[in-house]
There are 2 protein chains.
Amino acid sequence: MFRIGEFSRLARVSCRLLRYYDQLGLFSPGTVDDETGYRYYHASQLARLNRILVLKELGLSLEQIGEVIDERDLSADKLRAMLLERRSEAEQRVAEEIARLRRIESRIDEIDGGGEIGADDVVIRSEPGFAFLCTRRTVSSFDEARAVVGALVKAAPQKLSPRDLGRFVVIVHSPEFEPDAIDAELGYSLVRPDALADVELALPDGGRARVRQVEPVESMATCVRVGLPEDAHAGALAIARRLAADGYTLCGPNREVFLRGPDPRAPEQAVVEMQYPVRPRT
Amino acid sequence: MFRIGEFSRLARVSCRLLRYYDQLGLFSPGTVDDETGYRYYHASQLARLNRILVLKELGLSLEQIGEVIDERDLSADKLRAMLLERRSEAEQRVAEEIARLRRIESRIDEIDGGGEIGADDVVIRSEPGFAFLCTRRTVSSFDEARAVVGALVKAAPQKLSPRDLGRFVVIVHSPEFEPDAIDAELGYSLVRPDALADVELALPDGGRARVRQVEPVESMATCVRVGLPEDAHAGALAIARRLAADGYTLCGPNREVFLRGPDPRAPEQAVVEMQYPVRPRT
DNA sequence: GTGAGGCTTGACGCTACGTCAAGGTCAAGT
DNA sequence: ACTTGACCTTGACGTAGCGTCAAGCCTCAC
C-alpha cells in the first residue's frame with residue numbers, strides 16, 4: 001500500500017488530482033484510515049487510474065469516463081458512441097484551429113507588410129433574414145437616393161406607423177461600383193414583418209415600394225464605418241483584401257445598413273455597417 | 001443611442017457579454033444614466049466592439065485585447081508578438097487534436113473489430129532518469145533471475161540501507177523475446193542517488209553489481225499488469241498493435257518495474273509496470 | 001522528543017461568460 | 001393617471017479540472 005504522495009509519483013499525477021477523483025467517486029483509494037483520514041492505494045489500482053487517464057486523453061469528460069469505466073460489458077457500445085461524438089468534435093476543432101491559424105498568419109503578414117489596413121473590425125457572422133420595405137432603382141447619386149428615401153418615408157405612414165420601421169438599408173446589386181449608375185434596393189427593414197407582409201406603397205415619382213423577404217445569409221462579413229455615406233466605400237478594397245487573405249470570396253450583393261442617420265443636419269456622423277456576403281474559398 | 005438590448009442585437013452578442021466587458025473596463029457604454037444605471041451605447045461604438053471580437057476570434061485573451069486595443073501606435077509590435085505566440089499555440093493545438101483524432105479513430109476501429117484488446121491502460125508519458133544498481137546477465141528462466149535478485153538484495157546491505165532501494169527493475173536488451181536467453185539488467189532503482197554513485201557489489205556467483213545512471217526517456221508507453229511476472233508478457237502483442245495504430249514505434253529496450261513483489265509467498269499478486277520506449281512515427 | 005516532511009479538509013482562483021433571481025424603469029395602451 | 005409587459009439593474013452561482021495556499025494533525029528517523 002502506498003500513501004498518496006508515493007502513489008502520485010508512481011502515476012505521475014498530482015496529489016490534488018487523486019483527492020479530486022476520490023471526491024468525485026471516480027477513483028478512490030483501496031483503504032482509508034478511519035482515524036487519520038489517510039488514503040492508502042494499492043499498486044494494482046494503478047491500472048484503473050491509467051485507464052482513466054487514457055480516456056481523458058481521448059477527450060472524454062470525467063463524467064463520461066465515470067459512466068463507461070464501471071460497466072464491464074455495456075461499455076463497448078456506450079464508449080463507441082462517446083468516441084464518435086468526440087471524433088466529430090475533434091474534427092471540428094482541427095478545422096477551426098486551422099482557419100484561425102490562417103487568419104493569424106494573414107494578420108502577421110499584414111503587420112510585417114507595414115500597410116495601414118484600416119479594416120480592423122471585419123467580423124464574419126451569420127445574418128438572419130428580414131422583411132424589407134424597399135424600392136429598386138438605378139440611381140446616379142446619393143442625392144437621388146436620399147430623395148427616394150425621403151419620399152418613401154413620407155409615403156409610409158399611410159399604412160404603417162414609424163415604429164414599425166427598422167433601419168435604413170441599401171442592397172447594392174451593381175456588381176462593380178459605378179458611381180453614376182448604381183442598381184440598388186433602397187428601403188427599411190421592418191420590425192413586425194408578419195403584420196405588414198402585403199403593404200405596397202406608391203411613391204410620388206411613380207415608382208412603387210413593396211415588402212419582400214430578404215433571405216438569411218450564412219456568412220456575412222460586416223464592418224462599421226463612421227462618416228459620410230459617400231466615403232463608406234473607401235475601405236472596401238482593404239476589406240476585400242482581408243477577406244481574400246483569410247480565405248473567403250465575395251458571393252452576393254453587398255448591403256449598407258444605416259445604424260445612425262443619414263441625418264441631413266450632420267451627415268458626416270452617419271454610422272453605416274457595410275455587409276458583404278462571403279463563403280469560404282474551397 | 002441604443003439601450004443594451006438593441007445594441008446587443010446589432011452586434012449579435014449577449015447583454016451579459018456587454019455588461020461583463022463593461023465591468024472589465026474593456027468596452028463601456030458611451031453614456032450611463034446616473035439615476036437608473038441604464039447603459040446607453042452609441043452606434044459608432046460598434047466598431048470598437050467588433051475589433052474586440054476579431055481579436056478574440058484570433059485567440060487573444062480579453063486581458064491581451066485590453067492591452068493592445070487602446071495603444072494606438074505601440075500596438076503593432078505588441079500585437080505582432082502576441083500573434084506569434086498565438087500562432088505557435090494554434091499550431092500545437094492542431095497537432096495535438098490531429099494526434100487525438102488518430103487515437104480516437106483507432107479505438108473506434110478496435111471496438112468495431114470486436115477484438116478484446118486488453119490494453120485499456122497504455123499511458124504514454126515522459127520518464128525521468130534514475131540511478132540503477134544493477135547487474136547485466138543473460139538468464140534462461142525467471143527462477144534464475146529471482147536467484148540473482150535474491151543474491152543482490154543480500155549483498156546490498158553491506159554498503160546501503162534497505163530504505164535506499166527503490167523498486168525492482170528489469171531492463172530487457174534482447175530485441176526479441178527468447179525465453180531461454182534473455183539479456184537483461186536486473187536491479188533496484190536508488191532513492192538517494194548522489195550518495196551512492198560509486199557503490200559496487202560483488203555477488204556470490206562471481207558477478208558484480210554497480211550503479212549506473214539510466215537516461216530519461218521522452219516518451220514511454222507504460223502498462224500495468226497484475227499477476228505472475230511470467231505472464232506479464234502476454235499483453236505485449238496487444239500493446240504493440242495499439243502503439244502502432246496510434247502512430248508510435250518502439251525505439252529501445254523495454255523495462256519491467258515491479259510495483260509490488262515479487263513476493264515468494266504470493267507471486268501471482270505481483271504488480272508490474274511494463275515500459276516501452278516509443279517515438280512518434282514520422 | 002523533535003523537526004521535517006507528509007497528510008487532512010476547506011476554500012479560493014482560473015476563463016469567459018450563461019443563467020437565474022429580486023427588484024427598479026420605460027413606453028404604449030387604456 | 002394607471003397598468004402591463006418588456007426591459008433594465010446588480011448580485012450571485014455554475015461551469016471543468018484541477019493548482020495553490022492555509023491551518024492544523026500524523027509519522028518517522030535521529
Side-chain angles (χ1 to χ4, degrees), chain A residues 1-29 31-41 49 52-67 82 86 89 93 160-165 191-192 195, chain B residues 1-41 49 52-67 86 89 93 160-165 191-192 195:
Chain A
M1 302 293 269
F2 304 97
R3 292 192 302 190
I4 196 169
E6 191 163 12
F7 193 75
S8 79
R9 260 166 274 142
L10 282 185
R12 263 82 187 179
V13 299
S14 68
C15 294
R16 178 66 173 97
L17 182 145
L18 291 172
R19 296 197 189 99
Y20 182 55
Y21 287 5
D22 183 16
Q23 182 186 329
L24 295 184
L26 184 59
F27 179 71
S28 300
T31 308
V32 178
D33 185 319
D34 283 346
E35 293 181 15
T36 66
Y38 272 36
R39 295 172 177 82
Y40 293 94
Y41 294 89
L49 178 56
I52 292 172
L53 296 178
V54 166
L55 294 174
K56 187 166 62 121
E57 272 287 289
L58 292 177
L60 299 190
S61 70
L62 298 186
E63 193 180 350
Q64 288 178 311
I65 293 171
E67 286 176 32
M82 286 180 187
R86 273 300 309 159
E89 281 175 38
R93 291 264 290 277
L160 38 79
S161 70
R163 67 190 168 69
D164 288 327
L165 294 180
V191 171
R192 293 189 308 185
Chain B
M1 303 294 269
F2 304 98
R3 291 193 302 189
I4 196 169
E6 189 162 13
F7 193 74
S8 78
R9 260 166 274 141
L10 282 184
R12 263 82 187 179
V13 297
S14 69
C15 294
R16 178 66 173 94
L17 182 145
L18 292 172
R19 294 196 190 100
Y20 181 56
Y21 286 4
D22 183 15
Q23 183 186 328
L24 295 184
L26 184 59
F27 179 71
S28 300
T31 308
V32 177
D33 186 319
D34 284 346
E35 293 181 14
T36 66
Y38 272 36
R39 295 171 177 83
Y40 293 94
Y41 294 87
L49 178 56
I52 292 173
L53 296 179
V54 166
L55 294 173
K56 187 165 61 118
E57 272 287 289
L58 293 177
L60 299 189
S61 70
L62 297 185
E63 192 179 351
Q64 288 178 313
I65 294 172
E67 287 175 31
R86 275 300 309 159
E89 280 175 38
R93 291 265 290 277
L160 38 78
S161 70
R163 65 190 169 69
D164 288 327
L165 294 180
V191 171
R192 293 189 308 185

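Values below: all heavy atoms of this structure, side chains included; hydrogens, waters and symmetry mates excluded. Residue numbers begin at 1 in each chain, while the letters A, B, ... track the order of the sequences.
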| Of B:Lys56 and B:Asp33, the one whose closest DNA chain C nucleotide lies more 5' | B:Lys56
| request: When you get a sec, tell me which of C:dC17, D:dG17, C:dG6 is the closest nucleotide to the side chain of B:Leu62? | output: C:dC17
| Can you tell me if B:Ser8 uses its side chain to pair, donor with acceptor, with the backbone of B:Gly5 under 3.5 Å? | yes
| field | Within the 6.0 Å centroid threshold, strictly below: A:Tyr41 and A:Phe7 | value | yes
| Do NZ/NE/NH1/NH2 and the carboxylate oxygens of B:Arg86 and B:Glu89 come within less than 4.0 Å? | yes
| field | Under 4.0 angstrom between A:Arg19 side-chain N/O and C:dT8 OP1 or OP2 | value | yes
| note | When rounded to whole Å, the CD to P distance for the pair A:Glu35 and D:dC26 reads 9 Å
| field | Spacing between B:Leu53 atom CG and C:dC17 atom P, to the nearest angstrom | value | 9 Å
| task | Give a yes/no answer on whether the side chain of B:Arg39 brings an N or O atom under 4.0 Å of OP1 or OP2 in D:dT10. | result | yes
| request: Mind checking the CZ-CD spacing from B:Arg3 to B:Glu6? Nearest 0.5 Å is all I need. | output: 8.5 Å
| task | Answer with base, sugar-phosphate or nothing: what part of the nucleic acid does B:Arg3 contact at a heavy-atom distance below 4.0 Å? | result | sugar-phosphate
| remark: Assign each of A:Thr36 and B:Arg9 the nucleotide of DNA chain D bearing its closest heavy atom; nearer the 5' end lies the nucleotide of B:Arg9
| Rounded interatomic separation in angstrom, taking CG from A:Asp34 and P from D:dC26 | 14 Å
| said: Base, sugar-phosphate or nothing for A:Tyr40? Non-hydrogen atoms, less than 4.0 Å. | reply: nothing
| query | Taking atom P of D:dG17 as reference, at what distance in whole Å does atom CD of A:Gln64 sit? | reply | 9 Å
| said: Rounded to the nearest 0.5 Å, what separates atom OG1 in A:Thr31 from atom CE in A:Met1? | reply: 3.0 Å
| said: Taking only side-chain N and O atoms of A:Tyr21, does any of them lie within less than 4.0 angstrom of OP1 or OP2 on D:dC18? | reply: yes
| request: State whether the distance check finds a donor on one side and an acceptor on the other, under 3.5 Å, for side chain B:Tyr20 versus base C:dG18. | output: no
| said: For a quick test of reading the model: is some side-chain N or O of A:Ser14 closer than 4.0 Å to OP1 or OP2 of D:dC18? | reply: no
| task | In whole angstrom, give the distance that lies between atom CZ of A:Arg16 and atom C1' of C:dC12. | result | 11 Å
| note | B:Phe27 atom CZ is separated from C:dA16 atom P, nearest whole Å, by 17 Å
| said: Can you identify which nucleotide, out of C:dA16, C:dC7, D:dC18, has its nearest atom closest to the A:Leu17 side chain? | reply: D:dC18
| task | Specify the separation, in whole Å, of atom CD of A:Glu89 and atom P of D:dA16. | result | 13 Å
| said: Output the rounded distance in Å from CD (A:Glu6) to P (C:dC7). | reply: 9 Å
